[in-house]
Amino acid sequence: WAARRLAAGASVRVAIVVPDAARRAHEIERLAADFPPEECWIDGRALADEPAIGAAVDALALAGTHASYATFGRWLRSPFFAGAGEERFARARLDTELRTELRSQLSFRAAYRCGVADLLATRAPASGRALAAALDAVGGIGRATPSRWGHIVTRFLAELGWQPPYARAALLAWQSTLDELARLTPIVGEISLDAGLAELKRLLERSTRAALPVRGVHVLARVEDVGPGYDAVWVTGFTDTAWPQPP
């Protein structure tokens with residue numbers, strides 16, 4: 001229905017209202033993949049739910065002091081880093097083998113010191129060099145201002161060869177989040193890396209309120225959010241038990 005409406009004109013804008021959008025998020029994401037990213041806006045979606053940004057958050061945890069081996073394993077299997085191309089199968093095999101060992105019960109830092117670094121360098125040398133360079137970017141910095149941590153985060157991900165999201169809106173939202181982190185500097189002063197990463201994760205987990213595209217499909221959670229300017233609206237889930245909403 002939405003695709004037919006959009007095909008009817010160059011500036012068509014339609015709304016689809018899904019009251020229980022959080023429960024049906026995966027279904028909505030799957031259907032939204034049929035549209036170009038700039039033509040489909042989903043209300044209430046956290047920036048951390050963007051796959052490439054979620055992968056970046058996972059990778060950044062490796063720089064902290066509390067990362068588990070499972071976090072390292074997710075980085076090994078992630079397709080959003082440069083080494084995940086030609087070394088994809090080598091990384092996946094290494095993760096599979098390590099999960100059967102006692103080292104997988106250790107923290108990432110402890111496992112990395114107990115031979116995992118050497119294994120990675122042997123089995124997937126490009127990935128091993130990238131991870132070593134990324135960890136060196138953090139170095140022995142104990143405390144820093146949020147603005148400095150923002151620069152370090154950017155360099156850390158660059159060393160890992162992180163592939164940012166293709167959608168321009170998600171990329172701008174990521175940069176905006178780093179800018180918002182930097183604006184905390186005069187408020188909190190110097191903080192630890194773990195505190196900085198926790199604050200960055202909190203900012204990314206908020207529902208994004210990016211500007212609505214002029215053309216395309218808007219998936220909304222509340223019928224009250226349907227304002228003027230829509231060519232058509234499809235409302236779902238409003239049975240007699242759901243609408244009107246109970247007081």
Side-chain angles (χ1 to χ4, degrees), residues 46-84 87 91 94-95 98-99 103-121 123-165 171 173-185 188-206:
L47 192 57
D49 293 337
E50 164 69 38
I53 292 177
V57 173
D58 264 350
L60 286 168
L62 297 176
T65 57
H66 305 299
S68 64
Y69 173 82
T71 304
F72 174 65
R74 286 195 295 273
W75 172 72
L76 283 176
R77 301 190 305 274
S78 175
F80 295 102
F81 297 90
E87 294 182 345
R91 289 162 58 123
L94 177 59
D95 177 48
L98 285 173
R99 274 187 285 164
R103 282 181 288 195
S104 65
Q105 307 301 316
L106 302 174
S107 67
F108 161 67
R109 290 284 181 159
Y112 193 70
R113 291 193 300 267
C114 292
V116 169
D118 296 331
L119 269 177
L120 183 62
R123 305 282 290 276
S127 298
R129 289 191 296 270
L131 181 57
L135 293 175
D136 285 343
V138 178
I141 302 173
R143 300 176 68 83
T145 61
S147 58
R148 187 183 179 194
W149 283 131
H151 289 298
I152 293 172
V153 160
T154 302
R155 184 183 169 195
F156 183 91
L157 293 174
E159 294 288 0
L160 287 181
W162 178 56
Q163 300 170 7
L171 192 58
W174 165 257
Q175 187 57 55
S176 176
T177 301
L178 292 179
D179 293 341
E180 191 170 352
L181 178 69
R183 286 196 291 271
L184 292 174
T185 294
V188 300
E190 291 189 343
I191 57 177
S192 67
L193 174 59
D194 289 330
L197 293 178
E199 186 62 33
L200 178 62
K201 188 175 181 181
R202 184 188 68 80
L203 292 172
L204 291 171
E205 287 177 348
R206 297 180 309 178

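Worth saying up front: this structure is predicted, and the values here are computed from it rather than measured.
With rounding to the nearest 0.5 Å, the separation of CG in L181 from OG in S176 is 11.5 Å. Between the CD atom in E159 and the CZ atom in R129 there is a gap of 12.0 Å [rounded to 0.5 Å]. D136 contributes atom CG, which lies 8.0 Å from atom CZ of R155 (distance to the nearest 0.5 angstrom). A distance of 9.5 Å separates CG in L171 from CD in E50, rounded to the nearest 0.5 Å. Considering CZ of R109 and OG of S68, their distance stands at 13.0 Å, rounded to 0.5 Å. Between the CG atom of L62 and the CZ atom of R74 there is a distance of 9.0 Å, given to the nearest 0.5 Å.
If you check the side chains of D58 and T71, you find no donor sitting under 3.5 Å from an acceptor. Donor-acceptor pairing under 3.5 Å is lacking for the side chains of T145 and E190.
The pair E205-R202 does not count as a salt bridge, with every side-chain nitrogen at least 4.0 angstrom from each carboxylate oxygen. R99 has a carboxylate O that lies under 4.0 Å from a charged side-chain N of D95, or vice versa, which qualifies the two as a salt bridge.
Residues I141 and L193 have side chains not in contact (no heavy-atom distance under 4.5 Å, counting atoms from C-beta outward). The closest side-chain heavy-atom distance from P51 to F80 is below 4.5 Å.
L98 and L119 make their closest contact through CD2-CD1, 3.9 Å (heavy atoms, listed as atom of the first residue, atom of the second, distance). Between F81 and A55, the closest heavy-atom pair is CZ-O, 3.7 Å. The two residues A59 and L160 have their closest heavy-atom pair at CB-CD1, 3.8 Å. For the residue pair E87 and A124, the shortest heavy atom distance occurs at OE1-CB, 3.2 Å. G64 approaches D194 most closely through the heavy-atom pair CA-OD1, 3.3 Å. Taking each heavy atom of R91 and L76 in turn, the nearest pair found is NE-O, 3.0 Å.
Of the possible donor and acceptor atoms, none in the side chain of W75 sits under 3.5 Å from a partner among the backbone N and O of L131. With hydrogens and angles disregarded, a donor-acceptor distance shorter than 3.5 Å links the side chain of R77 to the backbone of G73.
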Please report the C-alpha distance between V188 and I191 in whole Å, then the side-chain angles of each, then the deciding distance to 0.1 Å, and finally whether the side chain to side chain contact (heavy atoms under 4.5 Å, CB included) criterion is met.
CA-CA 7 Å; V188 300; I191 57 177; 3.9 Å; yes

Report the C-alpha separation of Y112 and L106 in whole Å, then their side-chain angles, then the decisive distance to 0.1 Å, and conclude whether the side chain to side chain contact (heavy atoms under 4.5 Å, CB included) test is met.
CA-CA 9 Å; Y112 193 70; L106 302 174; over 6 Å; no

For side chain to side chain contact (heavy atoms under 4.5 Å, CB included), just list the numbers for L178 and L200, CA-CA rounded to whole Å, side-chain angles, deciding distance to a tenth of an Å, and then say yes or no.
CA-CA 8 Å; L178 292 179; L200 178 62; 4.0 Å; yes

Could you give me the CA-CA distance, side-chain angles and deciding distance for R183 and D179, then say whether salt bridge (Lys or Arg N to Asp or Glu O under 4.0 Å) is met?
CA-CA 6 Å; R183 286 196 291 271; D179 293 341; 5.5 Å; no

Would you sort out whether V57 and L197 count as a side chain to side chain contact (heavy atoms under 4.5 Å, CB included), showing the intermediate values?
CA-CA 8 Å; V57 173; L197 293 178; over 6 Å; no

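For F108 and F72, the ring centers are positioned less than 6.0 Å apart.
Because its NZ or CZ atom is not both nearer than 6.0 Å to the ring centre of W149 and within 45° of the ring axis, R143 does not count as a cation-pi partner of that residue.
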